[in-house]
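A, B, ... follow the sequence lines: proteins, then strands. Residue 1 opens every chain.
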Amino acid sequence: MRVRIIPRSPGTPQAQMSVITRFAPSPTGMLHIGGVRTALFSWLWARHNGGRFILRVEDTDRERSTGEAVRVILEGMKWLGLDYDEGPYFQTQRFDRYREVIAGLIERGLAYRCYCTKDELETMRAAQLARKEKPRYDGRCRERREPRAGVEPVIRFRNPQDGDVLVEDLVHGRVTFRNRELDDLIIARPDGTPTYNFCVVVDDADMKVTDVIRGDDHLNNTPRQINMLRALGAPLPRYAHVPMILGADGAKLSKRHGAVSVLQYDEDGYLPDALLNYLVRLGWSHGDQEVFTREEMIAKFDINDVNKAASAFNPEKLLWLNQQHMMRSDPQRLVPYLEAQLARLGVQGAAPDLLTGIVRAQRERVKTLKEMASASRFFFADSMELDPVVAAKHLTGEARALLGVLRERLAALGEWTAPALHATLEAFARERGLGLGKVAQPLRVALCGGTVSPPIDVTVALLGRERTLARIAAQTGQSLRPIGAGTRHGWAEFDIISGALGR
RNA sequence: GCUCCCUUCGUCUAGAGGCCCAGGACAUAGCCCUCUCAAGGCUGUAACACGGGUUCGAAUCCCGUAGGGAGCGCCA
């Protein structure tokens, strides 16, 4: 359901302000796809409007923040190509600023020192819960003047007690909160360090953020933040609370379903654009279009069109999109990704032309670059393995004899190209009254070690003359060396030989 | 417990009162193509959470109910 209000939050006079968005992750857990989608929406909205995008790391929880999580955020953004115009800012480096603002609030009576102990607050909460009330601070220190011996006070914001706060949300429409439901939240701990809701408000105001796009778990925080923004005399941003992403099972995103570091998707062989494409379609759509380039996303994305309901993560569709992006992109562009995946399998230094050829041949038959790498190992001599069961079925005595003759024919072939090879193979089969399959399949097994590969002509062309002839020879006894038919030992020996011949 | 939010095929979604006995996509089933595997093409199965209203007419507007989620921290 679309929300068509284009709100200018009350008290926001500025007319043509350009859009400034920010992504504000906290480094207490790994950046996962939930966070990435929020980042994506913020980034898209800024880029769509020709505005600015800021990265701000909310690391005020010094106990739980980790350097590793910060690293994942930074590297993840880089891998995804979500570039920022400002930042990364770190809240821990802005403590002086927060202290200054807090002092100002206290001075103006908009914040006050609270001497209640944690135990007292706990008792109060328990009593409220017992009365079936919403637990909230009762304001007992609101008018207190005197310090309490032995207690370092916290600072609380003096929230208005009457009236309503209206949130004009870009995705939810107007949401009303009663101030009487809110309480005086703590904005600084006894040691003076500020708390989350306060830092957000100061930062968003200082950084002149115009559009706050974040998970809808923050919707409940918004009225408090609006009250603080007003106390600070700052203009209100627009808000867009986007729905959360659920695991594939419909439950909250867990480690089992997608709540892994975003960098894992790189390792697993996904293209950043495919991941982004998948994520943008969670909660947003543009007619019936499923596949978007980065440029199309920027051109067509509109935060006003984002859905309100949470959506479940569907790994299958991600896979499909990844393949779509592989098939549509320039093969050259995929080469570095394929190289990285091959390196993980121990294959290095492959010729660029071969890699481009492999991409062209494989991308429509694999879902990820990782799969592409493992399905292409046989192109590299020292990775060839023959499945004994497959060999027994396809490399019969008859088949080997056939391959022996074929080898001579191929050896005599002048032009080693897919079309020439295709013509040769077809003619060879026809002469013998065989279907192409009767020739192609044994050949495929002899060359690849398995029953699956790109079209046989393409496979043979990419494999090259030397390796092709050597591998056939290994199966027909045409080799000079005795080779144990398909045993590990035999192949290892063969590999060394053809490795020298290949390339 | 209180407050706020959400609800169309298994999943992602289209849908702004008649264009909808609900369209697209993934997945799934069948067929076609075919040297394997794919890709591609065609066809099929499959949804408006429920109940009341409003209206000539409701997936769409209103009110309830149920289910789900979030918040109520000296976490972010």
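Both tests hold for Arg156(A) against Tyr137(A): distance to the six-membered ring centre under 6.0 Å, angle to the ring axis within 45°.
Not one side-chain nitrogen or oxygen of Arg180(A) sits closer than 4.0 Å to the OP1 or OP2 atom of U3(B). Proximity of Ser285(A) to the phosphate of G24(B): no side-chain N or O atom is located under 4.0 Å from OP1 or OP2. Phosphate contact (OP1/OP2 of G73(B), side-chain N/O of Arg125(A), threshold under 4.0 Å): present. An OP1 or OP2 oxygen of U13(B) is reached within less than 4.0 angstrom by no side-chain nitrogen or oxygen of Lys308(A). Applying the 4.0 Å criterion to OP1 and OP2 of G40(B), one finds that Gln324(A) has a side-chain N or O inside that range. In this structure, Asn221(A) does not reach the C72(B) phosphate: none of its side-chain N or O atoms is under 4.0 Å from OP1 or OP2.
Here A14(B) presents its P atom at 14 Å from CD of Gln289(A), a figure rounded to the nearest Å. If you measure from atom CZ of Arg224(A) to atom P of U3(B), you get 15 Å, rounded to the nearest angstrom. Rounded to an integer number of Å, the gap from Arg64(A) CZ to G73(B) P is 15 Å.
Using Watson-Crick or G-U wobble geometry with both donor-acceptor distances under 3.5 Å, A70(B) finds its partner in U3(B).
Nearest nucleotide to the Val154(A) side chain, out of U13(B), C74(B), C72(B): C74(B). For Pro190(A), counting side-chain heavy atoms from C-beta on, the closest listed nucleotide (C12(B), C74(B), A25(B)) is C74(B).
For the atom pair NZ of Lys118(A) and CZ of Arg125(A), the computed distance is 10.0 Å after rounding to the nearest 0.5 Å.
On the C1' atoms, C9(B) is 13 Å away from A14(B), given to the nearest whole Å. Between A46(B) and A25(B), the distance separating the two C1' atoms is 14 Å to the nearest Å.
Residue His218(A) and nucleotide G71(B) are not classified as a stacked aromatic pair, given the requirement of ring centres less than 5.5 Å apart at an interplanar angle below 30°.
If you check distances only, the side chain of Gln128(A) never reaches the base of G1(B) with a donor-acceptor pair under 3.5 Å.
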